Student: 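Please find one structure pasted underneath; my questions will follow.
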Amino acid sequence: MHDNCPGHWYLCIIDFKNSHIQILDSLRSKRRDKFRFKSVKTVVEFCQTFFKLYDIGKYIFQFSIDWASSIPTQDNGWDCGVRVIKHMQTFKNGNSMTASDLCNSVKIRREIASDLVLHEGNREK
């Protein structure tokens with residue numbers, strides 16, 4: 001998810017198994033929390049409309065929404081996108097992230113770029 005005001009990326013995870021929605025934000029802002037929470041609710045509304053349209057049978061309006069606790073905070077204003085990608089990769093495997101997973105953002109950027117270029121689905125290797 002993107003917040004245009006400060007140009008910040010954050011992640012919304014819809015957990016169907018546990019009927020829960022989590023917001024992962026490495027640079028929370030009391031000034032922007034309300035906007036970001038409302039943006040997540042807009043995505044939830046869109047998903048619910050989509051599920052109803054295609055008769056999927058999921059009712060995510062009933063899911064609880066909260067901010068993920070213990071998310072490592074970024075110490076600069078430019079690593080949020082890298083952190084969102086890393087969160088997605090980590091959660092895909094069922095794990096949670098620690099601060100040590102994010103200690104070298106330059107290395108993480110290189111790993112992400114390498115993964116994209118070398119991915120089996122990339123015909124332009």
Side-chain angles (χ1 to χ4, degrees):
M1 309 229 9
H2 190 254
D3 183 346
N4 280 330
C5 183
H8 176 63
W9 292 97
Y10 58 103
L11 183 63
C12 165
I13 297 176
I14 303 174
D15 181 351
F16 291 98
K17 183 177 177 184
N18 296 306
S19 302
H20 184 73
I21 299 167
Q22 264 193 326
I23 305 168
L24 288 78
D25 190 347
S26 61
L27 197 58
R28 283 192 65 185
S29 162
K30 296 239 185 259
R31 197 172 48 92
R32 300 301 296 169
D33 276 1
K34 187 175 180 180
F35 170 82
R36 293 175 188 168
F37 194 87
K38 187 176 178 184
S39 295
V40 167
K41 289 184 109 176
T42 300
V43 168
V44 168
E45 289 170 11
F46 174 81
C47 289
Q48 190 61 64
T49 301
F50 177 83
F51 295 153
K52 185 175 182 180
L53 182 66
Y54 290 97
D55 197 28
I56 293 177
K58 299 285 184 185
Y59 301 99
I60 60 176
F61 280 139
Q62 301 167 351
F63 289 14
S64 60
I65 303 174
D66 65 13
W67 298 91
S69 59
S70 69
I71 295 299
T73 305
Q74 67 187 73
D75 55 1
N76 60 41
W78 56 85
D79 278 342
C80 53
V82 170
R83 287 171 177 260
V84 165
I85 292 170
K86 197 69 176 162
H87 279 301
M88 288 189 290
Q89 291 173 333
T90 304
F91 271 76
K92 181 182 100 175
N93 297 324
N95 301 319
S96 59
M97 238 170 26
T98 64
S100 63
D101 294 327
L102 298 163
C103 62
N104 187 341
S105 65
V106 173
K107 179 182 174 197
I108 293 169
R109 289 173 189 273
R110 287 185 184 133
E111 289 171 356
I112 291 169
S114 175
D115 289 347
L116 290 170
V117 170
L118 298 175
H119 188 274
E120 64 187 40
N122 185 355
R123 290 185 237 154
E124 302 299 325
K125 290 182 185 174

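Note that the structure is predicted; figures quoted are calculated from it, not measured. All residue numbers in this chain count up from 1 along the given sequence.
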Student: How many angstroms lie between atom CD of Gln22 and atom OG of Ser64, to the nearest 0.5 angstrom?
Tutor: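 The OG atom of Ser64 is 9.0 Å from CD of Gln22, to the nearest 0.5 Å.
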Student: What are the two closest non-hydrogen atoms of Gln89 and Ile112, and how far apart are they?
Tutor: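 Result for this residue pair: NE2-CG1, 4.4 Å.
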Student: Got His20 and Asp66 here, is their nearest side-chain heavy-atom distance under 4.5 Å?
Tutor: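 In contact.
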Student: Please report the closest heavy-atom contact between Asn122 and Val117, naming both atoms and the distance.
Tutor: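 Closest approach of Asn122 to Val117: ND2-O, 3.1 Å.
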Student: Would you call Arg83 and Leu27 a side-chain contact if the rule is heavy atoms closer than 4.5 Å?
Tutor: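 Not in contact.
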Student: Given the rule in the side chain to side chain contact (heavy atoms under 4.5 Å, CB included) test, do Val82 and Gln74 qualify, once you have shown the distances and angles that lead to the verdict?
Tutor: CA-CA 10 Å; Val82 170; Gln74 67 187 73; over 6 Å; no
Student: For the pair Ser114 (side chain) and Arg110 (backbone), establish whether a donor and an acceptor sit closer than 3.5 Å, ignoring hydrogens and angles.
Tutor: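 Such a contact is absent between Ser114 side chain and Arg110 backbone.
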Student: For the residue pair Ile60 and Cys47, establish whether any side-chain heavy-atom pair is separated by less than 4.5 Å.
Tutor: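 Yes, close enough: below the 4.5 Å cut-off.
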Student: Under a 4.5 Å cut-off applied to non-hydrogen side-chain atoms, are Ile14 and Phe16 in contact?
Tutor: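 A side-chain contact exists here, since the closest heavy-atom pair is under 4.5 Å.
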Student: For the side-chain contact (heavy atoms from CB on, under 4.5 Å) test, which of Phe50, Phe51, Phe63 pairs with Lys58?
Tutor: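 Going through Phe50, Phe51, Phe63 one by one, the side-chain contact (heavy atoms from CB on, under 4.5 Å) with Lys58 is satisfied by Phe51 alone.
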Student: So, taking the atom named CD in Gln48 and the one named NZ in Lys41, what distance separates them when rounded to the nearest 0.5 Å?
Tutor: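 Reported value, rounded in 0.5 Å steps: 13.5 Å.
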Student: Linking I/L/V/M/F/W/Y whenever any side-chain heavy atoms sit under 4.5 Å apart, do Ile23 and Phe61 land together?
Tutor: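 Yes, because Ile23 and Phe61 connect within a single hydrophobic cluster, where side-chain heavy atoms sit under 4.5 Å apart.
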Student: Strictly by side chain to side chain donor-acceptor pair (under 3.5 Å), give each pair with a member in residues 3-15 just once, sequence neighbours left out.
Tutor: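 Applying side chain to side chain donor-acceptor pair (under 3.5 Å) to every pair that reaches into residues 3-15, excluding sequence neighbours, yields His2-Asn4, Asp3-Arg32, Asp3-Arg36, His8-Asp25, Asp15-Asn18.
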Student: Out of curiosity, Leu24 CG to Cys12 SG, how far, rounded to the nearest 0.5 Å?
Tutor: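 Interatomic distance, Leu24 CG to Cys12 SG, rounded to 0.5 Å: 9.0 Å.
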Student: If you take all heavy atoms of Pro72 and Ser26, which pair is closest and at what distance?
Tutor: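 Shortest heavy-atom separation between Pro72 and Ser26 comes out as O-CB, 3.6 Å.
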Student: With a 4.5 Å limit on heavy-atom distance, are the side chains of Arg28 and Trp67 in contact?
Tutor: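 Answer yes - side chains close enough.
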Student: With a 4.5 Å cut-off on side-chain heavy atoms, are Met1 and Leu11 touching?
Tutor: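 No, their side chains stay 4.5 Å or more apart.
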Student: Do Val43 and Phe37 sit in one hydrophobic cluster, given that two such residues count as connected whenever their side-chain heavy atoms are within less than 4.5 Å of each other, even indirectly?
Tutor: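 Yes, it is one cluster - the side chains of Val43 and Phe37 are joined through contacts under 4.5 Å.
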Student: Is Ile71 reachable from Ile85 through a run of I, L, V, M, F, W or Y residues, each pair having side-chain heavy atoms under 4.5 Å apart?
Tutor: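 Yes, Ile85 connects to Ile71 through the hydrophobic network.
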Student: Looking at side-chain heavy atoms only, is the closest gap between Ile21 and Ile13 below 4.5 Å?
Tutor: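 Counting from C-beta outward, Ile21 and Ile13 never come under 4.5 Å.
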